[in-house]
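Read through the structure below, which is laid out as structure tokens, and then see the notes.
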Amino acid sequence: MAPNISTTFGTVDNQSFFAGTEVSAMTTAVTLLAGQGKLKHGSVLGKITANGKYALVNKAATDGSQIASLVLSEDVDTTGADVNAVAFKTGVFRYDALKVAAGDSVANHKDELRTVNIHYKTDRG
């Protein structure tokens, strides 16, 4: 009798993050600015003009990071230093899976995100 071999692998629940396949999800490497604390998967990022690093998008910023351009693909801790990470540069995401700075909203960045081929849906369909 052949041995029973069982292997368990981790899983990814993309249904809670992606909202469609009309636009392929493509990634790129980014450097996140130190000192932002823990950024969560789905954080919307803006590029700081002076140094080319990325920060959590914030409509109140004046350094370039007020313009949304990417979506973070993983949880990252930037507390102590700049961090290299992977972000989505295109795709269709669930609105409530996306995160922006306190006092801001994802809807404030709708046109900017569409310009770079990032879209979101507010329903689960």
Side-chain angles (χ1 to χ4, degrees):
M1 177 186 264
N4 183 10
I5 300 173
S6 176
T7 305
T8 303
F9 295 95
T11 62
V12 176
D13 180 13
N14 286 334
Q15 290 183 352
S16 64
F17 188 61
F18 293 104
T21 58
E22 301 88 349
V23 176
S24 297
M26 297 179 66
T27 60
T28 189
V30 298
T31 301
L32 299 171
L33 183 68
Q36 301 180 79
K38 295 179 180 179
L39 297 178
K40 298 300 250 172
H41 172 246
S43 294
V44 179
L45 305 173
K47 188 174 186 178
I48 299 168
T49 307
N51 60 21
K53 297 175 186 176
Y54 286 82
L56 183 63
V57 74
N58 184 348
K59 207 59 164 173
T62 58
D63 61 2
S65 66
Q66 72 273 17
I67 301 169
S69 59
L70 300 170
V71 175
L72 190 61
S73 70
E74 56 191 322
D75 291 351
V76 177
D77 187 353
T78 67
T79 303
D82 291 350
V83 176
N84 293 325
V86 176
F88 292 102
K89 60 182 180 177
T90 61
V92 182
F93 305 94
R94 265 194 31 250
Y95 179 87
D96 56 356
L98 301 176
K99 298 152 188 70
V100 296
D104 200 352
S105 73
V106 175
N108 285 339
H109 302 280
K110 181 178 182 177
D111 293 337
E112 299 157 14
L113 291 170
R114 282 187 174 178
T115 298
V116 294
N117 216 9
I118 293 175
H119 304 271
Y120 59 80
K121 292 183 181 178
T122 56
D123 61 0
R124 295 203 84 132

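Residue numbers start at 1 and run along the sequence shown. Here the structure is a predicted model, which means the values were calculated and not measured.
Among residues two or more places apart in sequence or in another chain, the side chain to side chain donor-acceptor pair (under 3.5 Å) test is passed with Asn51 by none. Scored by the side-chain contact (heavy atoms from CB on, under 4.5 Å) test, Ala97 finds Phe17, Arg94 as partners (sequence neighbours excluded). Evaluation of the side-chain contact (heavy atoms from CB on, under 4.5 Å) rule for Asn117 yields Val23, Thr90, His119 as partners, not counting sequence neighbours. For Val116, the side-chain contact (heavy atoms from CB on, under 4.5 Å) criterion is met by Ile118, not counting sequence neighbours. For Lys53, the side chain to side chain donor-acceptor pair (under 3.5 Å) test picks out Asp82, with sequence neighbours left out. When the ring pair (Phe, Tyr, Trp, His ring centres under 6.0 Å) test is applied to Tyr120, the partners found at least two apart in sequence or on another chain are Tyr95. Listed by chain and number, the residues in a side chain to side chain donor-acceptor pair (under 3.5 Å) with Ser65 are Asp63 (sequence neighbours excluded).
For residues 104-114, the salt bridge (charged side-chain N to carboxylate O under 4.0 Å, His left out) pairs, not counting sequence neighbours, are Lys59-Glu112. The list of salt bridge (charged side-chain N to carboxylate O under 4.0 Å, His left out) pairs with a residue in residues 21-32, not counting sequence neighbours, reads Glu22-Lys121. Each side chain to side chain donor-acceptor pair (under 3.5 Å) pair with one or both residues in residues 24-33, not counting sequence neighbours, appears once here: Thr31-Asn84. Pairs passing the salt bridge (charged side-chain N to carboxylate O under 4.0 Å, His left out) check and including a residue from residues 40-50, sequence neighbours excluded, read Lys40-Asp75.
Of the inter-residue distances, the one linking His41 atom NE2 with Lys99 atom NZ reads 7.5 Å to the nearest 0.5 angstrom.
Nearest heavy atoms, Val71 versus Gly42: CG1-CA, 3.8 Å. For Thr79 against Lys38, the heavy-atom pair with the smallest separation is OG1-N, 4.4 Å.
One hydrophobic cluster, built from ILVMFWY side chains closer than 4.5 Å, holds both Phe93 and Val100. Under the 4.5 Å side-chain heavy-atom criterion for grouping Ile, Leu, Val, Met, Phe, Trp and Tyr, Phe18 is connected to Val44 within one hydrophobic cluster.
Apart from Leu45 itself, the hydrophobic cluster it occupies contains Val30, Leu32, Leu39, Tyr54, Leu56, Leu70, Leu72, Val76, Val83, where clustering links Ile, Leu, Val, Met, Phe, Trp and Tyr at side-chain heavy-atom distances under 4.5 Å.
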